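In what follows, a structure is listed as structure tokens, so that the remarks can point back to it.
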2 protein chains.
Amino acid sequence: MATGRNHRPATRSRGIPEATVARLPLYLRALTALSERSVPTVSSEELAAAAGVNSAKLRKDFSYLGSYGTRGVGYDVEYLVYQISRELGLTQDWPVVIVGIGNLGAALANYGGFASRGFRVAALIDADPAMAGRPVAGIPVQHTDELERIITDNGVSIGVISTPAGAAQQVCERLIAAGVTSILNFAPTVLNVPDGVDVRKVDLSIELQILAFHEQRKSGEDAEGPARKGPDGDMPAVMPA
Amino acid sequence: MATGRNHRPATRSRGIPEATVARLPLYLRALTALSERSVPTVSSEELAAAAGVNSAKLRKDFSYLGSYGTRGVGYDVEYLVYQISRELGLTQDWPVVIVGIGNLGAALANYGGFASRGFRVAALIDADPAMAGRPVAGIPVQHTDELERIITDNGVSIGVISTPAGAAQQVCERLIAAGVTSILNFAPTVLNVPDGVDVRKVDLSIELQILAFHEQRKSGEDAEGPARKGPDGDMPAVMPA
DNA sequence: CTCTGTGAAACCATTCACAGCG
DNA sequence: CGCTGTGAATGGTTTCACAGAG
């Protein structure tokens, strides 16, 4: 998972389940690919395969949006693309700022997937004065001093944090004070935010650690014996790394 | 979530729930910070706050690992760091290859969080011959032709894919054929893998789309009326973007 | 008397299986 | 007759609340 905190609680009646929301972008991507190949309709089975889920789940997901399919036929690709885009709020333009233009920030600025789907990089912000004015992905980097003005002037409500961990909380607070209410956090820290602000977290090393866990289980299938309680899995005198 | 497919089913008895595994790295990070400040013990309440979860969940999570706490006192920081590290398989060294050294691949190679926790970047691989030999993060980039040899020679079982979407499936297949059994995929595609191979996916644009969904709900709290079925939310003549 | 460890309850998500529409 | 849409069954996760260890 890559989600932070602050997930809309059980409030809101006609709500779409979080798990479903998280899959809509996947369906949208698969549908866009079909649309580009001018495929007119698609069955739940086919679309599910393209999105990497099973068809029952997909149909249940779509049932939360409404009845957009045709029994015996499938779904109209163009129509679904539009309905999902609208549901996700992608029919409007979302200006985004990226704070922290190191290696990762630059990668994000250059990432085509942003611009393609309703997101527009409104500004790049970095604390290093030496970066100021230098263009990254064709956009000039601005100094952190300008942060509040940039947010306000551009009506930015989504911010991306790709600073070092130490700077993240402070940047987060300034973004929120200036009006940002959704944050995508790449810094390896827990961000504390007030109610009403959504945070999603993407953490590279966490993902690797989860893989390592499963990887370990693959090899150690056999002599797995003692692992619980007591001084069997005891600590060595010298700590590893 | 950022997980792909292929999650170990209900097999394996004494298994730790996936949701718990996904949080262990969070606890570990919080504990490491405490350890660096030489804090000897911590209560479930304090540690939970530092990790951004609630304390009941944390205690339940730890209960799957064993009884590592002391009632009335809390947890021994150093001891827990070791136990969680061991459970995650971080007491051993994991050589990793990164395939696709564009902006993102370079960012990953430079990312300190890898090296710090048992992961070692064994090689950087790119399809562009012009990149070959050029050092990134102090490691020379090697050509894709070398992929199989590199995997074998270094005993790599974890691969990171940061290529363009079009190349990802093919790279994935070569990695698997060469012996990789865990993949962290940054390319915006669904990877098809055989059983026994774990895939986790990190998708920047998907995270943003999920934020946009919630963001949209914040403003449109009022005039939300019609959204279901029928030709109310009908498609415009011209498709957006 | 504090704080862990954990059954039991509540909640959410996935899967099954099939009625019924086109 | 094929495929969607959906109740009902199942399985997993979170939260509650408290017994009992230290």
Side-chain angles (χ1 to χ4, degrees), chain A residues 1 3 5-24 26-27 31 40-49 51-77 79-80 83 210 228-230, chain B residues 1 3-24 26-27 31 40-77 79-80 83 210 228-230:
Chain A
M1 195 167 20
T3 201
R5 316 225 274 55
N6 246 74
H7 265 285
R8 193 146 315 215
T11 351
R12 176 171 310 292
S13 39
R14 201 174 113 317
I16 298 172
E18 262 306 301
T20 296
V21 172
R23 281 187 296 265
L24 292 180
L26 271 157
Y27 301 143
L31 284 163
T41 62
V42 68
S43 70
S44 64
E45 201 71 55
E46 292 163 334
L47 182 54
V53 302
N54 77 45
S55 64
K57 200 183 320 204
L58 177 142
R59 287 200 302 280
K60 178 65 91 180
D61 284 342
F62 286 178
S63 80
Y64 294 117
L65 308 183
S67 302
Y68 294 145
T70 307
R71 288 165 198 243
V73 177
Y75 301 91
D76 181 281
V77 172
Y79 187 59
L80 247 196
Q83 291 299 345
I210 296 170
R228 293 246 174 192
K229 186 87 183 179
Chain B
M1 192 160 28
T3 200
R5 318 228 274 53
N6 247 76
H7 266 283
R8 193 148 313 214
T11 351
R12 175 173 310 290
S13 38
R14 203 173 109 323
I16 298 172
E18 261 308 299
T20 295
V21 171
R23 280 187 296 264
L24 291 181
L26 267 141
Y27 302 143
L31 285 163
T41 61
V42 67
S43 70
S44 64
E45 201 72 53
E46 292 163 334
L47 182 54
V53 303
N54 76 48
S55 63
K57 199 182 323 201
L58 176 142
R59 287 200 303 278
K60 177 67 83 176
D61 284 341
F62 286 177
S63 81
Y64 293 116
L65 308 184
S67 302
Y68 293 145
T70 308
R71 290 166 196 240
V73 177
Y75 302 91
D76 182 281
V77 171
Y79 187 58
L80 247 195
Q83 291 300 344
I210 296 170
R228 294 244 172 193
K229 186 89 184 179

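Please read these numbers as outputs of a predicted model, since none were measured by experiment. Convention: sequence-line order gives letters A, B, ...; per-chain numbering from 1.
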For this session: Starting at atom CD of A:Glu45, determine the distance to atom P of C:dC16, rounded to an integer number of angstrom.
Result: 12 Å
Problem set entry | Pairwise side-chain contact, B:Leu65 with B:Ile16, heavy-atom cut-off 4.5 Å (strictly under) | yes
Problem set entry | Spacing between A:Lys57 atom NZ and C:dC12 atom C1', to the nearest angstrom | 13 Å
Exercise. Nearest-Å distance, CD (A:Glu18) to P (D:dT14)?
Worked result: 13 Å
Can you give me the N/O atom pairs linking the protein to nucleotides 6-10 of chain D at distances under 3.5 Å, or say none if there are none?
residue: D:dG7; atom: N7; partner: A:Lys60; partner atom: NZ; Å: 3.4

Seminar exercise, completed: For B:Phe62, the ring-ring contact (aromatic ring centres under 6.0 Å, His included) test, sequence neighbours excluded, returns B:Tyr27, B:Tyr75
For this session: Kindly indicate, with the supporting measurements, whether the criterion side-chain contact (heavy atoms from CB on, under 4.5 Å) is fulfilled by A:Leu58 and A:Leu47.
Result: CA-CA 8 Å; A:Leu58 177 142; A:Leu47 182 54; 3.7 Å; yes
Exercise. Nearest to the side chain of B:Ala19 - C:dG22, C:dA13, D:dT13?
Worked result: D:dT13
For this session: Take B:Thr20 and B:Thr70, find for each the nucleotide of DNA chain D with the closest heavy atom, and name the residue whose nucleotide sits nearer the 5' end.
Result: B:Thr20
Problem set entry | All side-chain contact (heavy atoms from CB on, under 4.5 Å) counterparts of B:Ala49, not counting sequence neighbours | none
Problem set entry | Rounded interatomic separation in angstrom, taking CZ from B:Arg23 and P from D:dT13 | 9 Å
Problem set entry | Qualifying salt bridge (charged side-chain N to carboxylate O under 4.0 Å, His left out) pairs with a residue from residues 62-72 of chain B, counting only residues at least two apart or across chains | none
Problem set entry | Qualifying residues under side chain to side chain donor-acceptor pair (under 3.5 Å), relative to A:Thr41, sequence neighbours excluded | none
Exercise. Below 4.0 angstrom from OP1 or OP2 of D:dT4, is there any side-chain N or O of A:Ser44?
Worked result: yes
For this session: Keeping to residues at least two apart or across chains, list the salt bridge (charged side-chain N to carboxylate O under 4.0 Å, His left out) pairs with something in residues 45-57 of chain B.
Result: none
Problem set entry | d(CG, B:Leu58; C1', C:dG5) in whole Å | 12 Å
For this session: Could you state the atom-to-atom distance from OH of A:Tyr75 to C1' of D:dC3 in whole Å?
Result: 9 Å
Exercise. NA contact type, A:Gly74, heavy-atom cut-off 4.0 Å: base, sugar-phosphate, or nothing?
Worked result: sugar-phosphate
Problem set entry | Length of the line joining B:Asp76:CG and C:dC3:C1', which is rounded to integer Å | 16 Å
Exercise. Any side-chain N or O of A:Asn54 under 4.0 Å from OP1/OP2 of C:dT14?
Worked result: no
